[in-house]
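Side-chain atoms are counted along with the backbone in the values below, which use heavy atoms only and exclude waters and symmetry mates.
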Amino acid sequence: MTHLNLETLYESLRLRKRPEDIAVLIKEVLQGDLNAKEMRLLDKAASGALRNQVWQYTSMLEAFADVSGAQVQVSRAMQLFKTDGANDMSAYDDPLVVEAFLAKVSAVIHKNPGYSDYKTDRLNREERMAAGLDISRRRYNKLFRCLRHLDKKLHTMLRGHRKSLFQRIGKHGFAEDITREDFMKDVNSACFIAYYTARCNLRSEFTVSGQQRAFDEIADMLLQRCLYEPVDASWWDIMPAKRQPRQQDTANWPAIAMVYPDQQVLRKLSPEQQGFLLGKWTTLLQQVATFLEELWQTNAFDRQSMVVRSGNDSTTWNNTANAWNKARDGWMSLIYALGMEFILEEMCFGKVMRLIAGDVAEWHHMEGHKGDPNLSVWNQLPLPWEVFSGKTTCNRERVAATCKAAGLDPERSGWIAPRVHHPVPFLPTPELVHGVTVSNPYLATILKQHKYFSGKDASPLSPEKN
């Protein structure tokens, strides 16, 4: 049973399970190895698992949205070119498989993949004859048009996969890069990784009180189990400062650091392991910076307020901003762990602000809030991706001065130093419809179907007609 539950926990790293449903699995995995206080703490979440509720149902998807594949376009190409492809059509959910198929069929009409302009990339009659294409112009144009559609679909898929990757990384870091073998090495590490990842994946709520923090008291307890020898309840309650470090450190710190690159975790890594992680976060920053610049140039964002305007792709921007800030936090933690914070004297790129809905901005105004000081810092500093790419300069001194002028502590706020994580009390996962809490999951499903709280024209409910 323990091994089966560990397999389920590992699979959850790629899903979007509620923390409560992960906690109940952890409780079964660690059954008999938890002291009384740990059990009470874990029960706070496990009692809210779907299996322990009357409804045993949630309206919220338990997986991240998939990117649609190219099955329709590939199937049509197979018919027109009279060729075979993969036996399993689901293989064409993978852009690499689609790209290989496109290269294969493009060669039939001597077309270069990626070159699909009707005016400049089609072969004329003489060129077709020279290439040995004994087909009519109408037939050639039909095949060319089919490949053009497949080429366009491949481009859409690649962009969709990039957006999906940044969304997931913006939530749970490099959790999906942890191999099954590494995950299974240590039970306590696996339990922390699975629970903390689920907490990171919580959806944003429609509120002016701030979002839930991922590192709660249960995540802290699971991390402490990796650090310290287990003790009985009375010792834990009365003398927590006297907890003893584990005599045999079996925790898988490199795997934990993939999702939680905190200073106390990074200190457990070798310089080589720290350098490897620094390389991963730096590469990610480079990829995200390129996409952020593209989004910035193709959208008319209001930088001063960051309130969404009509036509703004707010979902993609916010997901990509999350990925940047997650990568920046990891990068910042690692350069401090490696003693390389001197880099900030030459290059200190800032955070990226998310877009905010107009009604939330108005709600803040009605509550008398003066505005987020981080927004003021964002407006005074160069665009972060331009600093990262070397198009402009910004250093730690400038960022610190800007933070102080905005009333922020530059270190505690995470602008020039690693963010410090303090455990927060556990809060149950709310049932959300576009960020709005709904008490009943079945009602939530109906409201979603009728587009309530979506910002679109809702279809009014008519209970008398049901």
- Check step by step if side chain to side chain contact (heavy atoms under 4.5 Å, CB included) holds for Leu222 and Asn188. CA-CA 7 Å; Leu222 294 171; Asn188 287 320; over 6 Å; no

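- Across every non-hydrogen atom of Cys191 and Ile26, the tightest pair is O-CD1, 3.4 Å.
- Here the side chains of Pro428 and Lys44 are not in contact, with every heavy-atom distance at 4.5 Å or above.
- Within 6.0 Å of NE2 on His155 lie no more than 12 heavy atoms contributed by other residues, nucleotides or ligands.
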- Derivation of the salt bridge (Lys or Arg N to Asp or Glu O under 4.0 Å) call for Lys17 and Glu11: CA-CA 10 Å; Lys17 293 287 188 179; Glu11 294 301 327; over 6 Å; no

Only pairs under 3.5 Å count here: list side-chain donor-acceptor contacts from residues 412-419, not counting sequence neighbours, and write none if there are none.
residue : atom : partner : partner atom : Å
Ser413  : OG   : Asp409  : O            : 2.5
Trp415  : NE1  : Asn374  : OD1          : 2.7

- Query: Can Met258 and Asp182 be said to form a side chain to side chain contact (heavy atoms under 4.5 Å, CB included), step by step?
  - Reply: CA-CA 11 Å; Met258 297 282 267; Asp182 277 344; over 6 Å; no

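- The only option from Tyr336, Phe349, Trp324 that meets the ring pair (Phe, Tyr, Trp, His ring centres under 6.0 Å) definition with Trp331 turns out to be Phe349.
- His172 has its ring centre less than 6.0 Å from the ring centre of Phe64.
- The stretch residues 340-369 participates, sequence neighbours left out, in these salt bridge (Lys or Arg N to Asp or Glu O under 4.0 Å) pairs: Glu345-Arg396.
- In this structure, Glu411 places its CD atom where only 12 or fewer heavy-atom neighbours from other residues, nucleotides or ligands lie under 6.0 Å away.
- Side-chain N or O atoms of Ser12 include none that pairs as donor or acceptor with a backbone N or O of Leu15 at under 3.5 Å.
- Nearest heavy atoms, Gly114 versus Asp151: N-OD2, 2.7 Å.
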- Message: Under the criterion salt bridge (Lys or Arg N to Asp or Glu O under 4.0 Å), I'd like the reasoning laid out for Lys27 against Glu38: C-alpha separation, chi angles, the key distance, then a yes or no.
- Response: CA-CA 10 Å; Lys27 183 178 176 182; Glu38 290 172 331; over 6 Å; no

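- Rounding to the nearest 0.5 angstrom, the gap separating the CZ atom in Phe101 from the CG atom in Asp94 is 14.5 Å.
- For Ala251 against Ser189, the heavy-atom pair with the smallest separation is CA-OG, 3.3 Å.
- Residues meeting the side chain to side chain contact (heavy atoms under 4.5 Å, CB included) test with Ala257, sequence neighbours left out: Val265, Leu266, Leu269, Leu277.
- Partners of Tyr195 by side-chain hydrogen bond (donor to acceptor under 3.5 Å, both in side chains), not counting sequence neighbours, listed by chain and number: Asp216.
- With hydrogens and angles disregarded, a donor-acceptor distance shorter than 3.5 Å links the side chain of Gln263 to the backbone of Ser333.
- Between atom CH2 of residue Trp281 and atom CE of residue Met332 there is a gap of 13.5 Å, rounded to the nearest 0.5 Å.
- In Glu217, the CD atom is crowded: over 12 heavy atoms of neighbouring residues, nucleotides or ligands sit closer than 6.0 Å.
- For Glu181, there are no salt bridge (charged side-chain N to carboxylate O under 4.0 Å, His left out) partners two or more places apart in sequence or in a different chain.
- Cation-pi check for Arg199 over Phe215 is not met; the charged atom does not lie both under 6.0 angstrom from the ring centroid and within 45 degrees of its normal.
- Listed by first and then second residue, the side-chain hydrogen bond (donor to acceptor under 3.5 Å, both in side chains) pairs that reach into residues 304-314 are Asp302-Ser305, Asp313-Thr316, sequence neighbours excluded.
- Taking each heavy atom of Ala190 and Leu6 in turn, the nearest pair found is CB-CD2, 3.9 Å.
- Qualifying side-chain hydrogen bond (donor to acceptor under 3.5 Å, both in side chains) partners for Asp329, counting only residues two or more places apart in sequence or in other chains: none.
- In this pair, Tyr452 and His450 present their aromatic rings tilted. The plane angle is within the 30 to 60° band.
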- Test side chain to side chain contact (heavy atoms under 4.5 Å, CB included) on Arg159 and Glu294 and set out the steps. CA-CA 12 Å; Arg159 183 179 175 85; Glu294 177 186 329; 2.4 Å; yes

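- Shortest non-hydrogen contact noted between Pro382 and Thr392 is CB-CG2, 3.6 Å.
- For the atom pair Asn252 CG and Phe192 CZ, the distance stands at 12.5 Å (nearest 0.5 Å).
- The line from CZ of Phe291 to NZ of Lys163 is 6.0 Å long, rounded to the nearest 0.5 Å.
- Of the possible donor and acceptor atoms, one in the side chain of Asn325 sits under 3.5 Å from a partner among the backbone N and O of Val352.
- Side chain to side chain, Thr250 and Asp186 meet the donor-acceptor criterion of an N or O pair below 3.5 Å.
- In this model, a donor atom of one side chain and an acceptor atom of the other lie less than 3.5 Å apart for Arg168 and Ser164.
- Within 6.0 Å of CD on Glu7 lie more than 12 heavy atoms contributed by other residues, nucleotides or ligands.
- Ion pairing between a basic and an acidic side chain is recognised when a charged N comes within 4.0 Å of a carboxylate O; Glu62 and Arg16 show no such pairing.
- With sequence neighbours excluded, the residues forming a side-chain hydrogen bond (donor to acceptor under 3.5 Å, both in side chains) with Thr445 are Tyr57, listed by chain and number.
- With rounding to the nearest 0.5 angstrom, the CD1 atom of Ile256 is 12.0 Å from the OH atom of Tyr196.
- Remark: the backbone N or O of Ile178 is paired with a side-chain donor or acceptor of Tyr10 at under 3.5 angstrom.
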- Tell me, with the steps shown, if Lys171 and Thr197 meet side chain to side chain contact (heavy atoms under 4.5 Å, CB included). CA-CA 8 Å; Lys171 287 293 185 181; Thr197 297; over 6 Å; no

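- Enclosure of atom NZ in Lys185 by more than 12 non-hydrogen atoms of other residues, nucleotides or ligands within 6.0 angstrom is indicated.
- Checked against side chain to side chain contact (heavy atoms under 4.5 Å, CB included), Trp296 has the following partners two or more places apart in sequence or in another chain: Phe301, Arg303, Trp317, Trp378, Leu383, Trp385.
- Side chains of Lys153 and Ser68: a donor-acceptor N/O pair is present below 3.5 angstrom, by distance only.
- Among residues at least two apart or in separate chains, salt bridge (Lys or Arg N to Asp or Glu O under 4.0 Å) pairs with a member in residues 45-57 are Glu28-Arg51.
- Using a 4.0 Å cut-off between charged side-chain N and carboxylate O, Asp43 and Arg40 make no salt bridge.
- Within the structure, side-chain hydrogen bond (donor to acceptor under 3.5 Å, both in side chains) contacts touching residues 428-437 (residues at least two apart or in different chains) are Glu20-Thr429, Thr58-Glu431, Ser59-Glu431.
- Asp21 pairs by the side-chain hydrogen bond (donor to acceptor under 3.5 Å, both in side chains) definition with Arg18, not counting sequence neighbours.
- Shortest non-hydrogen contact noted between Ser204 and Leu432 is O-CD1, 3.8 Å.
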